[in-house]
Amino acid sequence: MGSGLSYQVPDIATADIPENASREAEIGAPRPGFGPLAPASDSLYTRRIMLELSLLKAELAAVLKRQIHDTFAVEHEPVIQVPPRRELGDLAFPAALHLAKTLRRKPRDIATELAEAVRFPGIVLRVSVEGAGYLNLFLDRGRVTADLLETEVFGDPAGGERSEKIIVEHTNINPNKAAHIGHLRNAVLGDVLVRALRRLGHPVEIQNYIDDTGVQLADVVVAFTDLRGLDAAAVAALPEPFDYTCWDLYSEVGRWYEEDPERQALRRQTLHELEADEGPRAEMGRLVARRVVHRHLTTMRRLGIGYDVLTRESDILGLDFFTRAFEKLKASGAIHLEESGKNQGCWVMPLSQSAEFAGLEDPDKVIVRSDGTVTYVGKDIAYQLWKFGLLGRDFHYRKWGDEGLWETASEEGGGTHPAFGGGAKVINVIDARQSYLQKIVRVGLESLGHTEEAERSIHFAYEMVSLSKAAARQLGYLTGDGDGEQKSLEMSGRKGIGVKADDLLDQIEDKCRDNVSERYPDLDAESLDDLARQLATAALRFFMVKATTTRVIAFDFQDALSFEGETGPYLQYSMVRERNIRRKLEAAGMETEVDAETVRGLDAELWADDLWDLVLTAAQTAETVEKAAGSLELSMIARQALELAGKFHGVYHRHRILDEADPDLRRARMAAVQVFRKSSLALLDLLGVPVPEKM
RNA sequence: CUGCCUGUAGCUCAGUUGGAUAGAGCGGCGGCCUUCUAAGCCGCGGGUCGGGGGUUCGAAUCCCUCCAGGCAGGCCA
């Protein structure tokens, strides 16, 4: 609510993380050990954000770099990594291995010489030479843990914004049918990206593009009007779930066209009327789109996914965005009217100059059809120009509902609204099958001379979701044994092949509810539903994020309905266990938290390797998230959360806290768990995984 | 035909800018609930990293080539 945006998610992380009261003092007075060696760069130093470990890494690398220069008189940028096992050390420099060739000496000798000469800050307790010639560092475990307790995982929230506005477009489901699991992958990835960017300090605007003048919507309008013979009032009166009705109708009308190709004329006529926004078909289109979008938003809200503004294609047309872009494209010579050939009468954009399109059979892309209608790419170029504030026009806006969500409009009168569009960077979350089209949009920007914007026009591509053979068979799409060779089945809205998002969510929730009620037979219905929802959200969202973007997800019910191992509930369970420790400590009248000063004074012997390993893993959280957001490989966030939870579960079994007699040992364990909790909460927040009280 | 993606354990997949003994989950087998809740933990078994060349002290990772699968190359989106 605070931001005035619709993007409302339970603020899981911040709710539980204690405010860092000493931040100002800390910035003014760097900890000993960091001070004299702090990087000269002010920006890095004052940011002092969460990148605690990466900052330390950079510092240590700088020290070693200097030493290499002093000892061997060569310039070398040392790589720093984390050794596979704690016995080997906490950080490792493979520099000697890299230098062996230029120096013509054995790596181990180089490493040994460096180890004897180099003076690292006090947080490094010991150095050793390991393996083929790694220079390994052992850190002060208590001190690192204490430092982590004192700092925000993602830095200072008041530290200011780190960039100009980033626009993220995601979801973009055609408003003519129910959302399916492929759309979920898009929405979840987009949502996690937004959460990560915001946490890293970037202002983000979330746009959900509504293609309400396209062929797909036209088909459903034809289905209602001509196939069913319904008018707008009758369609308005249809019961929910309206998007399910459309789902069936959409595949039905496809078959209806095939029966009589003449019926295609109805589609063209409807498309024209939608574009012109005239007549009963246009009215039907508005109605259908609106009802379906309502359903989509409801589905997404179940998963904690929201938006700032719905951008409607009809407004791009209604406000002559394309006409404006068309003028620019013509004036710059980016497109021309084809006088002859198969594209005669079309305005086309030549792609042959661009190296990206080398080897293309047909090097021209139609932007305006011979009948005067505009292709999707054409509208998308206009839309992209607006996103960067390059069009010289803006939409009008009105509130979508009462939740701070806005939609575009063609007429004035929506009252004062936030400033939309005009981003410095645009990230479009669109599946990899549309890479070709997204490239054309970029080329469009380039050919208008907006080379920088073209560079900051990012297609966040991910592979599609198909149905595993088992899933396809379960749903009756594959029958018999004739299709034995087929590995998976591609979903198709047009053919009505797919798993609807709400159906899947219902199924997961049902299973969660069963599991919970088995464990807690006395739980009231409301709590039961609530818990089931939280678990289902976690299971589904995590399932979508853990896959790397380059891999097709062959959706399988067994995988998606699994709550053990690499799943969302596994993460949640670790948090429940952590909470139980504190609950029991409190019930026993014992201290539930340790402070950094106490931890700093604890004996080094208290930190067992696996306990320390949990801390060191947590210390890499922000760095991992930064890398994930920067590379758009969000599965790294999921992996980090898994690794952290896994190590916690191990520690939970091996190092009991409640019945540990030695108070200092108990404190060390508590500190490690506190560090875990802090990082894990931050990660779960990014992943949109709710944290249940029990499970 | 051209471009992009994928090929790692029975299955589903990780594997950071080339580096330490190629990891995890599921499934299989065997342990662990009088315990800070077993949606968990521990152990065992399981690998020509698609094939072949090359670069390198070192290749699952980089280069070349071949094979297999997926997607794209519409006046559909």
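The chains referred to below are lettered A, B, ... by the order of the sequence lines, with proteins before strands, and numbering in each begins at 1.
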Spell out yes or no: do the side chain of A/N136 and the base of B/rA20 have one donor N/O and one acceptor N/O closer than 3.5 Å?
yes
Are any of A/R551's side-chain N or O atoms less than 4.0 Å away from OP1 or OP2 of B/rG7?
yes
So, is A/R369 close to the B/rC76 phosphate, meaning a side-chain N or O under 4.0 Å from OP1 or OP2?
yes
OG of A/S492 to CG of A/L467, rounded to nearest 0.5 Å, is 10.5 Å
Compare the minimum distances between each of B/rU37, B/rG70, B/rA77 and the side chain of A/M464, then state the nucleotide with the smallest one.
B/rG70
Nearest-Å distance once atom C1' is located in both B/rA59 and B/rG52
15 Å
Hey, can you tell me if A/F322 and A/F326 have their rings parallel, tilted or perpendicular (30° and 60° cut-offs)?
parallel
Quickly, which of A/R582, A/R577, A/R579, A/R583 forms a salt bridge (charged side-chain N to carboxylate O under 4.0 Å, His left out) with A/E693? Name it, please.
A/R579
Parallel, tilted or perpendicular, judged at 30° and 60°: which one describes the rings of A/Y383 and A/Y209?
parallel
Roughly how far apart, to the nearest Å, are B/rA22 and B/rG47 at atom P?
13 Å
What is the nucleic acid contact for A/D371, judged by heavy atoms within less than 4.0 Å: base, sugar-phosphate only, or nothing?
nothing
Ignoring backbone atoms, establish whether A/Y573 has a side-chain N or O less than 4.0 Å from OP1 or OP2 of B/rA39.
yes
Intra- and inter-strand pairs of RNA chain B in dot-bracket (Watson-Crick or G-U wobble, both distances under 3.5 Å; | for another strand)
(((((((..((((.....[...)))).(((((.......))))).....(((((..]....))))))))))))....
Donor/acceptor link under 3.5 angstrom from A/Y652 side chain onto base of B/rU37:
no
Using the closest heavy atom to pick a nucleotide of RNA chain B for each, name whichever of A/N515 or A/F93 lands nearer the 5' end.
A/F93
Phosphate contact (B/rA38 OP1 or OP2) by A/R577 side-chain N/O below 4.0 Å:
yes
Salt-bridged, A/K65 to A/E77, with N to O below 4.0 Å?
yes
Position toward the 5' end of RNA chain B (nearest nucleotide), A/T550 or A/H653
A/T550
What contact category does A/Q438 fall into here, base, sugar-phosphate, or nothing, at under 4.0 angstrom with non-hydrogen atoms?
nothing
Does A/Y570 place a side-chain N or O at less than 4.0 Å from the phosphate oxygens OP1/OP2 of B/rC41?
yes
Counting the atoms with a prime plus P, OP1 and OP2 as sugar-phosphate, which does A/L535 contact under 4.0 Å by heavy atoms, base, sugar-phosphate, or nothing?
base
Does A/R654 place a side-chain N or O at less than 4.0 Å from the phosphate oxygens OP1/OP2 of B/rC42?
yes
Under 4.0 Å between any heavy atoms, over every strand shown, what does A/M636 touch: base, sugar-phosphate, or nothing? Just pick one.
nothing
Classify the nucleic acid contact of A/E130 as base, sugar-phosphate or nothing, counting any heavy atom under 4.0 Å across all strands shown.
base
